[in-house]
Amino acid sequence: MTRPLRLELDRSAKTPLAEQIHRGIRAAIESGVLAPGARLPSWQDLAAQLGVARGTVRSAYEKLSSDQMIVAARATGTHVADRQSFPVRPDKAPDPGSFMEMYQELTAGPAIFQMGVPSQETFPAKLLARMRVRAVRAETSAPAIYPDPRGELDLRREIAAYLALARGFECAPSQIIVTSGFTGGLGLALRVLCLGPKKKVWMEDPGFPFTRHGLELAGLSIVPIAVDADGIDVDFGVKHAPDAALVVVTPGQQAPLGSTLSLARRSRLLEWATQNKAWVIEDDYLSELQLKGRATPALASLDRAGRVIHIGSFSKTISPALRLGFVVAPAALASRFAETAACLAPAPGPAVQLATADFMRDGHYLRHLRRTKRAYTAQGDALLKQLRTRSATVAIAGLAAVLRLPDGAPDLAIARDAASFGLAPTPLSLWYAPTASACPGLLLGIATSPLKKIEASCDRLLRIIDRLT
């Protein structure tokens with residue numbers, strides 16, 4: 001079934017209910033809503049759902065079976081018959097030039113140089129699979145009650161301990177809300193803050209395009225703030241948008257250029273936010289995965305006025321398939337975050353949370369990070385070595401190599417051409433605000449650059465660049 005089956009019954013019509021059910025299911029099969037092999041509810045369950053007699057649905061099913069539309073078996077239940085004449089209706093492609101087209105292009109894969117995806121070679125798949133199995137058993141054997149919308153207490157405790165150890169700030173489990181990745185945390189924070197339409201928000205330029213679009217969807221007015229070697233230019237923001245209500249920043253490793261927000265600018269940002277009652281969302285997207293040296297403490301560790309909302313994620317450190325992240329709310333907003341989560345954005349299912357909590361509690365998470373950093377450092381060094389033989393304008397930034405291109409170079413066209421060869425560099429120009437002067441370049445994911453394929457992949461990419469520039 002590609003979409004939920006909805007049967008509308010008209011009890012005032014002259015057509016018998018059994019015939020209405022028969023026609024509705026037949027139409028769904030013929031239109032491709034119900035794909036060949038899709039399982040149907042038992043006639044007892046469907047009768048209960050529709051509020052009709054079981055004999056009514058049974059009669060409809062018997063007619064569908066006579067039409068060779070469905071196949072019923074005691075062992076496997078009732079399924080749509082495998083009929084080649086009724087192909088599955090294809091999903092509509094996103095509109096050209098739309099955000100969803102860009103989103104699908106950037107998240108497609110797996111491919112070499114893909115951003116935002118951890119390495120399969122370092123991923124502890126078997127270990128996590130065993131933990132997930134145990135967690136699913138625990139979830140299904142537990143009483144059938146609603147879980148805590150803030151997230152499982154075991155996971156929130158482990159996150160609090162990790163943040164104190166690795167990110168340099170202390171918080172209570174009650175301040176932590178488990179979310180569906182960073183985007184789930186951003187959406188929750190925007191709902192809690194209720195900033196209202198056209199409120200100004202500072203955003204790094206260049207900055208994560210999905211975050212920018214999310215802020216636009218929330219009706220906020222984005223003020224692009226340039227970044228340099230010391231991170232976001234706070235003085236520029238204070239001068240040009242002193243009345244901003246929100247700042248979204250990546251202080252640990254600026255995405256995508258990799259600079260760390262200096263201590264002076266951290267202090268200036270927090271001072272301004274406190275004086276103007278503005279909020280700061282800290283996107284700690286890479287957590288401890290800093291390849292050179294030790295990661296700086298989180299911006300929230302310096303916050304004494306409760307203005308910083310810290311958002312973390314396991315997408316880069318474990319897997320984006322988990323769709324697991326967390327928000328650390330300032331103490332004064334913890335209750336508001338909990339209420340909003342309970343009513344509008346509850347945490348993901350308990351099983352994935354319990355498995356992640358076990359993974360962290362048993363020490364596997366920190367060991368995994370150490371192994372991953374060693375592997376990524378080697379891959380990053382190899383990537384730089386290959387690229388610097390042909391270009392001096394390349395540097396490591398976070399978990400990517402930033403390859404600068406000549407002014408006017410069509411980085412989007414280069415990336416699309418490379419995709420046909422199994423390569424997925426990200427165009428740097430997409431990270432700039434539409435009103436800004438975008439610098440062309442390519443972001444090459446280090447995690448998805450296996451050592452044995454780096455030389456050939458770099459050679460292929462550089463040939464594409466030479467051809468199109």
Next item on the list: Could you check if a side-chain atom of Pro251 sits within less than 4.5 angstrom of a side-chain atom of Glu282, using non-hydrogen atoms only?
Entry: yes
Atom CZ of residue position Arg54 - does it have more than 12 heavy atoms of other residues, nucleotides or ligands inside 6.0 Å?
no
Could you tell me whether Glu170 atom CD has more than 12 heavy atoms of other residues or ligands within 6.0 Å of it? no
ask   = Less than 4.5 Å apart, any side-chain heavy atom of Asp148 and any of Leu153?
value = no
d(Leu155 CG, Arg157 CZ) to nearest 0.5 Å is 11.5 Å
When rounded to the nearest 0.5 Å, the distance separating NE2 of His364 from CZ of Arg371 is 9.0 Å
**Request:** I would like to know whether Ile465 and Leu442 meet side chain to side chain contact (heavy atoms under 4.5 Å, CB included); could you show each step before the answer?
**Result:** CA-CA 10 Å; Ile465 292 173; Leu442 297 173; 3.9 Å; yes
Nearest heavy-atom contact between Val71 and Ala81 is CG2-CB, 4.0 Å
(message) Test side chain to side chain contact (heavy atoms under 4.5 Å, CB included) on Glu204 and Val248; report intermediate values, then the result.
(response) CA-CA 7 Å; Glu204 298 165 331; Val248 181; over 6 Å; no
NZ (Lys453) and CD1 (Ile112) are apart, to the nearest 0.5 Å, by 5.0 Å
In this structure, CG of Asp417 is separated from CD1 of Ile464 (nearest 0.5 Å) by 4.5 Å
To the nearest 0.5 Å, atom CD of Glu121 lies from atom OH of Tyr376 at 9.0 Å
For Arg137, I'd like to know if atom CZ has over 12 heavy atoms of other residues, nucleotides or ligands within 6.0 Å. no
To the nearest 0.5 Å, atom CZ of Phe123 lies from atom CD1 of Ile318 at 7.5 Å
Exactly one of Lys199, Lys200, Lys198 clears side-chain contact (heavy atoms from CB on, under 4.5 Å) with Leu220, and that residue is Lys199
inquiry  = Does the plane of the ring in Tyr365 sit parallel, tilted or perpendicular to the ring in Phe359? Use 30° and 60° as the thresholds.
reply    = perpendicular
**Prompt:** With the threshold set at 4.0 Å, does a side-chain nitrogen-carboxylate oxygen contact exist between Arg23 and Glu19?
**Reply:** yes
request  = Examine the side chains of Ser174 and Arg150 and answer whether a donor and an acceptor come within less than 3.5 Å of each other.
outcome  = no
Is it true that atom CZ of Arg336 has more than 12 heavy atoms of other residues, nucleotides or ligands lying nearer than 6.0 Å? no
Fill in: Ring centers of His310, Phe169 separated by less than 6.0 Å
yes
Between Pro256 and Gly207, the two heavy atoms sitting closest are CD-N, 4.4 Å
